[in-house]
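Heads up, the thing below is written out as C-alpha cells.
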Amino acid sequence: MENIYLAIPLAPLLGAIIAGLFGRQIGRAGAHTVTILGVGISFVLSLFVLKRIAIDGGEPFNGSVYTWLISDGLKFEIGFLIDNLTALMITVVTFVSLMVHIYTIGYMADDDHNWPSHSKAGAPSSYQRFFSFIALFTFSMLMLVMSNNFLQLFFGWEAVGLVSYLLIGFWYTRPTAIYANLKAFLVNRVGDFGFLLGIGAIYAFFNSMDYATVFAAAPAMVGTTIEVFAGTEWQLLTVICIFLFIGAMGKSAQVPLHVWLPDSMEGPTPISALIHAATMVTAGIFMVARMSPLFELSTTALVFVMVIGAITALFMGFLGIVQNDIKRVVAYSTLSQLGYMTVALGVSAYAAGIFHLMTHAFFKALLFLGAGSVIIAMHHDQDIRNMGGLRRYMPITWITSLVGSLALIGTPFFAGFYSKDTIIEAVHHSQLPGAGLVYWMVLAGVFVTALYSFRMYFLVFHGTPRMDDHIREHLRETPWVVTVPLILLAIPSVLSGYLIDPVVFGDYFAGVLHVDPANDVLTGIGEHYHGPVSFVLHALGGPAIYLAIAGVVTAWYVYMKNPAIAGDVQQRFRGIYKLLVNKYYADDFNDAVFAGGARGVGRLLWRIGDVLIIDGLVVNGSARVVGWVASVVRHVQTGYLYHYAFSMIIGLLLLLFWFVYMGAGA
Amino acid sequence: MTFAPLATEIFLLSMACIILIVDVFLRDERRVLSYALAQLTLLAGALISWSMLGNETQVVLHGTFVSDPMAALLKTSILLVTVGVFMYSRSYLVERDIFRGEFYVLGLFAVLGMLVLVSAHSLLTIYLGLELLSLSLYALVAFQRDSAAASEAAMKYFVLGALASGMLLYGISMLYGATGSLDIGEVAEAIALPGEQGIILVFALCFIVVGLAFKFGAVPFHMWVPDVYHGAPTPVTLFIGSAPKIAAFAMAMRLLTEALGGLYGSWQDMLTILAVLSLVIGNVIAIAQTNIKRMLAYSTIAHVGFLLLGLLAGTTEGFSASMFYAITYALMAIGGFGMVILLSRAGFEADRLDDFKGLNDRSPWFAFMMLILMLSMAGVPPTVGFYAKLAVLQAVIHVDMVWLAVVAVFFSIIGAFYYIRIVKLMYFDAPEGDAPLAVSPDMQIAMSLNGLAVLTLGIFPGGLMAVCNAVLS
C-alpha cells in the first residue's frame with residue numbers, strides 16, 4: 001500500500017518534470033499526454049484508496065516513508081496520514097485536476113489566435129510550461145493533504161503558493177499579471193508568517209512535528225499560558241490556533257487577507273478553476289479541519305474563526321454584485337463560499353465545512369470552466385456587459401453553467417443546497433458567543449449569492465446579444481475537450497449532495513475530525529435528518545430557500561425585466577456603490593499603509609542601515625579589508641622555494657615553542 | 001599466515017607491473033589499451049576492497065599491516081575517485097600528445113602507496129606508503145617534461161616534500177626512542193602508561209603533525225599547494241587534489257587517534273591552530289585569485305581546515321564526519337578540476353576565471369553541473385557539501401567548541417563569495433570567444449555522473465553517512 005500512497009503524489013510530479021524539462025523535445029501533445037497520464041494515474045489510485053479506506057473500512061495509514069534528516073531529535077520526514085479525510089480530499093483534488101488538465105488542451109490551444117495579443121508569453125514552449133505547472137501544483141496539493149506532520153504540511157503549503165505565483169503570472173509579459181502574482185505572493189507571506197509562528201509554537205511546546213503526537217499531547221496543554229507580550233497571559237492553544245488560522249486566512253483568502261484572490265484572475269482560466277476555486281484556496285479549510293483536535297480546545301479561536309468567516313461570506317458577496325468581469329464575479333463568489341466553509345469550521349461543524357468544500361469544488365470548477373468556455377467564444381472579452389443571449393450559441397455551456405449556478409445558490413436537490421443549508425443550520429444551533437449575529441449574516445449571504453450569481457447568468461446567457469458583429473458571427477460552442485469536462489463536472493455538482501448522509505450525519509469522519517461534545521451541533525441536526533427529501537421539506541420551513549428565490553427574482557427583475565432600475569439604484573446609492581466598486585478600499589488601504597509604509601521604512605533602513613552602515617562599513621568595508629588582506633598576503637606566496645621552506649620551519653618552531661616550551665613551563 | 005587481507009594491494013601491484021610491460025609493446029595508436037587496463041584494475045580493486053567491508057579487523061605481516069572496515073571503505077573510495085581522475089584525464093592527455101602508459105603506471109603506484117598508507121599498522125608502513133605515494137606524485141607533476149611550469153612545480157614539491165618527510169621521520173624516530181616500538185598498537189599502549197607523558201612525546205608529536213599538515217596542505221605548511229596545483233598538468237592537479245586527501249585522512253587517523261590517542265589534548269590544540277589558520281588563509285586568499293586552479297588550490301586549503309575540525313573534535317562522530325568530508329570533497333574536487341579539463345582543448349588551458357564566462361550560453365548542462373559543484377563546495381543545500389559541513393560543525397559543537405564552529409561558518413561565508421563568483425560568470429556574463437565546446441562522450445558521462453552524484457548524495461546523504469559511522473564503530 002505504501003507504494004500506492006507514494007505513487008499518488010509522484011505520478012503528477014513525474015509528469016511535471018517531463019513536461020517542464022523536456023517540453024521542447026516531446027512537443028505539445030507529449031506534454032499534455034504525459035501530465036494527463038500522471039494525474040489520471042493519481043486519480044485512479046485515489047479512487048482505489050477511497051474505496052479501500054472509506055468504503056471497505058480499511059485501516060487508516062499513518063507512517064513515514066522517508067526520513068530526510070534528524071537534527072537534535074527533530075525528525076524531518078516525508079510521511080503520509082491516509083484516513084477518510086485524506087481519501088476524500090485526494091479524490092476531489094485529482095478529479096478536478098484531471099478535468100482541468102483535459103479542459104486546458106482546448107483552452108490553451110491555438111495561442112496565436114486565441115490568447116489575448118498582449119499576453120503572448122515569449123517562450124516557445126509555454127504550452128508545455130503550463131501543463132508542467134498544473135501537474136506540479138497537483139503534486140504540491142497532494143503532498144499537503146496527505147501529510148502526517150507539520151513540516152511536510154508547510155512544504156505543500158508553500159509549494160502550492162509558489163505554483164500559484166507562477167501561474168497567476170503565467171502571461172508574464174502582461175504588467176497586470178506580474179502585479180497580481182506579486183500581490184498574491186506577498187499577501188500569502190503574511191498568512192504564512194502566522195502559520196510558521198504557529199508551527200514554531202507547536203514545536204517549542206510539544207517538541208514534535210508529528211500530528212498524532214501533537215494531538216495526543218494537546219489536551220494536557222489546556223490551561224498552559226504563555227506571555228506573548230510582557231505582563232499579558234495568553235492561552236497557549238488559543239495562540240497556536242489563531243496563528244495557524246492566520247495561515248489559513250492567507251491561503252483561503254479570508255478578510256483581510258482576501259485581496260489577492262480577485263487579482264489572481266489574471267492567470268489563465270483553467271488555473272482560476274483549479275487553484276483559485278477548487279483546491280489551493282481550500283487548503284486553509286482542510287488544515288483547520290485536520291487540526292480540529294487543537295481548535296476544539298480553544299473557544300476563543302473558534303469564535304475568531306467563525307467571525308472572520310461570516311464577515312468574508314457576507315461582505316465579499318456584496319462585491320460580486322458590482323463586478324462586470326465574468327471571472328471576477330465568480331472569484332468573489334469563491335471568497336464568499338470560502339467564508340461559509342470557515343463559518344462551519346468556527347461552529348465546530350467540520351464535516352459540514354469539508355462537505356461544502358467538496359461540493360463547492362465541483363460546482364465552482366464547473367462555473368469557472370463555463371466562464372472560460374464563454375471567454376473562448378468571446379475571443380477573450382471578459383466583460384459581461386458585452387455578452388448576452390449566449391444560450392442560443394452555446395447550449396452545453398449554458399446548461400452546465402445553469403446547473404453550476406443553481407448548485408451555488410443552494411437550490412433544493414442540487415449539491416450546494418445540502419452543504420450550505422447544513423452550515424446555516426449548524427450556525428443556528430451553535431452556542432458560541434456571537435453565533436446569533438453570524439446566523440443572520442450567513443442568511444443574508446444566501447440572498448446576495450443568488451443575486452450576483454443570477455445577475456451574471458442572465459447577463460451572459462439571456463437577453464439581447466450585446467457583442468459586436470464580428471464576434472457574434474464567430475460565436476459557437478467550444479470543442480469537446482472543453483465541454484466534456486463541463487458535463488463531467490456538472491454531474492457531481494448535482495449528485496454529490498446526496499453524500500450528505502454518510503459524510504455529514506454518518507460516521508464517515510468518526511475518529512478523524514474531533515468535535516467536543518459541548519460544541520457538537522451536527523449531531524443535533526442529524527437527529528432531525530431523515531433522508532435528502534425530508535431535508536428539503538424541512539428547509540421549506542426555514543428562510544434560506546425563500547431568500548435564494550428572492551435573490552433570483554430580484555436579479556431577473558433588475559437585469560432582465562427592467563434594466564433601468566440598476567442604473568437608478570446605482571445613482572441613488574452612489575456612496576455605497578462607490579464603496580463596493582472600490583472593494584471597501586482594502587486595496588487602497590493596503591497600498592497606502594502597508595505597501596507605502598513598508599516602502600517608507602524600507603527606504604529609511606536602506607539609506608541609513610543599508611547604504612551607510614551595512615554597505616558602506618560592514619560589507620564594502622569588510623570586503624575591502626578582506627580584499628586588501630588577500631592582496632597583501634598573496635605576496636607572501638613569492639614563488640621562491642626558500643621562502644616556502646622557511647615558512648615551514650617557522651611553523652614548526654612556533655609549534656615547538658608553543659607546546660614544548662610553554663607546555664613544559666605551565 | 002594468510003595474504004587475503006592484502007588482496008587489493010597485491011592485485012594492484014601485479015597489475016601495475018603487467019601494464020608496465022604491456023605498454024612497452026604497444027604502438028602509440030593502441031595506447032588506449034593501457035588506459036583500459038588501468039581502469040579495469042582500479043574497478044576490480046574497488047570491488048575487492050568493497051567486498052572486504054564487512055570483514056573482521058585483522059593485523060597481518062608481523063603487525064605492520066591492518067585490514068579493518070575503515071581501510072576497506074577508504075580504499076574503495078580512493079580507487080573509485082581515481083577511476084574518475086583517469087576518465088577525466090584521457091582526452092586531455094591525448095590532445096596534448098602525452099598519452100603515455102607511464103601516466104597510468106605512476107598513477108597506479110601512487111594509488112598503491114595510498115592503499116598501503118590506509119592500511120598501515122606500523123610507523124614504518126606509514127612512511128613506506130607515504131613515500132611511494134609522494135615519489136609517484138613528484139614524477140607525475142613533472143610528467144609534461146617540456147613545460148617549464150610543471151618542472152618548477154615538481155622541483156618545489158619534491159624539495160618541500162623531502163623536508164616534510166624528513167620531519168615526519170624525525171618525529172617517528174623520537175617516538176621510537178620514547179616507546180621502543182614501531183607498532184601502532186604498542187606505541188599506543190606505551191603512551192597510555194602513567195608517567196609516560198614526557199616532553200619527548202610532545203616533541204615527537206610536533207614533528208609528526210608537521211608532516212601530516214604538509215600532506216594535507218594545512219596552513220602554514222600549505223605553500224606548495226597553489227604552486228603545484230597551478231604548475232602541474234591539470235589531470236595531475238586533479239589527482240593530487242582528490243584521492244590523496246582521503247589517504248591523508250587515513251594517515252591522520254592511524255597516527256593521531258590510533259598511535260597517539262593518549263596525547264589527544266596536545267594534538268587537539270595543534271590541529272585547532274592549523275584548522276583556523278587554514279580556514280582563514282584559504283578562504284581569504286582564494287578571493288584574490290584569477291586563475292581557477294590556484295583558486296581551487298586555496299579552496300582545498302579551506303576544505304582541509306574543515307576536515308581537521310572533525311578530527312580535532314576527537315569523537316567517533318567527528319571522525320566519521322571528517323571521513324564523510326574527505327570522501328565527498330574528493331568527489332567535488334575531481335568535478336571542479338574536471339570542468340577545467342572539459343573546457344580546455346589542444347593548445348588552450350581554460351584555467352582563468354574568465355574562461356567560465358557565459359558557459360551557460362555555450363552549454364547549459366555543464367554550466368548546471370558546475371553550478372552544483374560550486375554550490376556544494378560553498379556548502380549550500382541540497383548539495384552534499386552542505387551535509388559534510390553540517391556534520392563536522394555538529395561534531396565540533398557537541399564537544400563544546402562553539403567558537404570554532406562560528407569561525408568556520410564565518411569564513412565559509414567569505415568563501416562562498418569566490419564560488420558564487422564562478423556561478424555569476426557562467427550565468428550572467430557574455431562568453432569570450434565562441435569556440436564550440438567539443439567534449440568527448442566519456443567526459444560528458446563522467447561529468448554528468450559526478451555532478452548528479454554530488455546532488456544525489458546531498459538529497460540522500462543517509463547511506464554514506466551510515467557507512468562512515470559503521471566502519472568506525
Side-chain angles (χ1 to χ4, degrees), chain A residues 13 21-22 24-25 64-78 155 618-666, chain B residues 152 155-156 158-160 162-164 167 197-203 205-207 209-211 213-214 218-227 230-231 263 265-267 269-270 273-274 277 280-281 283-289 294 298 382 387 390 394 411 414 417-418 459-462 465:
Chain A
L13 177 65
L21 295 185
F22 306 101
R24 224 171 285 177
Q25 285 80 2
S64 70
V65 290
Y66 171 65
T67 304
W68 187 45
L69 62 93
I70 299 175
S71 175
D72 206 16
L74 174 61
K75 285 186 188 162
F76 290 64
E77 288 178 330
I78 308 287
F155 165 78
V618 181
V619 174
N620 287 344
S622 57
R624 229 171 273 140
V625 170
V626 168
W628 178 78
V629 170
S631 64
V632 171
V633 182
R634 72 182 288 201
H635 291 299
V636 174
Q637 193 81 24
T638 51
Y640 292 120
L641 189 53
Y642 56 89
H643 283 172
Y644 295 0
F646 184 64
S647 90
M648 283 175 69
I649 301 292
I650 292 285
L652 173 71
L653 287 180
L654 282 178
L655 277 186
L656 285 176
F657 175 75
W658 195 315
F659 288 97
V660 179
Y661 182 72
M662 303 285 279
Chain B
E152 182 190 331
M155 188 55 80
K156 282 179 184 167
F158 176 65
V159 173
L160 295 176
L163 188 60
M167 289 181 188
Q197 303 279 349
I199 201 158
I200 187 155
L201 284 178
V202 180
F203 207 77
L205 180 66
C206 282
F207 280 93
V209 165
V210 169
F214 178 84
V219 178
F221 310 99
H222 68 289
M223 294 294 213
W224 63 276
V225 178
D227 286 18
H230 185 190
L263 298 176
S266 300
W267 61 254
D269 291 347
M270 291 184 200
I273 297 171
L274 296 177
L277 282 177
V280 174
I281 300 281
N283 279 318
V284 169
I285 301 193
I287 292 175
Q289 303 304 321
R294 276 190 104 79
Y298 283 104
Y387 278 95
L390 183 72
Q394 261 181 344
F411 283 97
I414 291 183
F417 169 79
Y418 56 82
I459 300 171
F460 305 100
M465 208 82 115

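Keep in mind that this is a model prediction, so the values were computed, not measured. Letters A, B, ... are given to chains in the order of the sequence lines, protein chains preceding strands, and every chain is numbered from 1.
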Sort [X] into side chain, backbone, both or neither according to what part of it lies under 4.5 angstrom from a heavy atom of chain A.
X      : result
B:L160 : both
B:A164 : both
B:F460 : both
B:V284 : both
B:M167 : side chain
B:I273 : side chain

How many angstroms lie between atom [atom1] of [X] and atom [atom2] of [Y], to the nearest 0.5 angstrom?
X      : Y      : atom1 : atom2 : answer
A:M648 : A:H643 : CE    : NE2   : 15.5 Å
B:Y418 : B:I287 : OH    : CD1   : 7.5 Å
B:D269 : B:L263 : CG    : CG    : 11.5 Å
B:K156 : A:Y642 : NZ    : OH    : 11.0 Å
B:C206 : A:L653 : SG    : CG    : 10.0 Å

Heavy-atom pairs under 4.5 Å with chain A, option from [options] with the top count:
options                        : answer
B:M270, B:M223, B:Q394         : B:M223
B:I281, B:I459, B:L274         : B:I459
B:N283, B:V219, B:V210, B:I414 : B:V210
B:P461, B:P226, B:A286, B:G462 : B:P226

Hey, what's the ring geometry for B:F207 with B:F203, parallel, tilted or perpendicular (30° and 60° as the breaks)?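 Geometry flag for B:F203 against B:F207: tilted rings.
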
Flag the pair B:R294 / B:D227 as yes when at least one side-chain heavy-atom distance between them is below 4.5 Å, and no otherwise.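 Yes, side chains in contact.
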
Could you have a look at A:I650, A:L652, A:L655 and say which one has the most heavy-atom pairs with chain B under 4.5 angstrom?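 Option with the greatest count: A:L652.
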
Look at the side chain of B:W224 and the backbone N and O of B:V159, then say whether any donor-acceptor pair between them is shorter than 3.5 Å.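 Not confirmed, B:W224 side chain does not pair with B:V159 backbone.
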
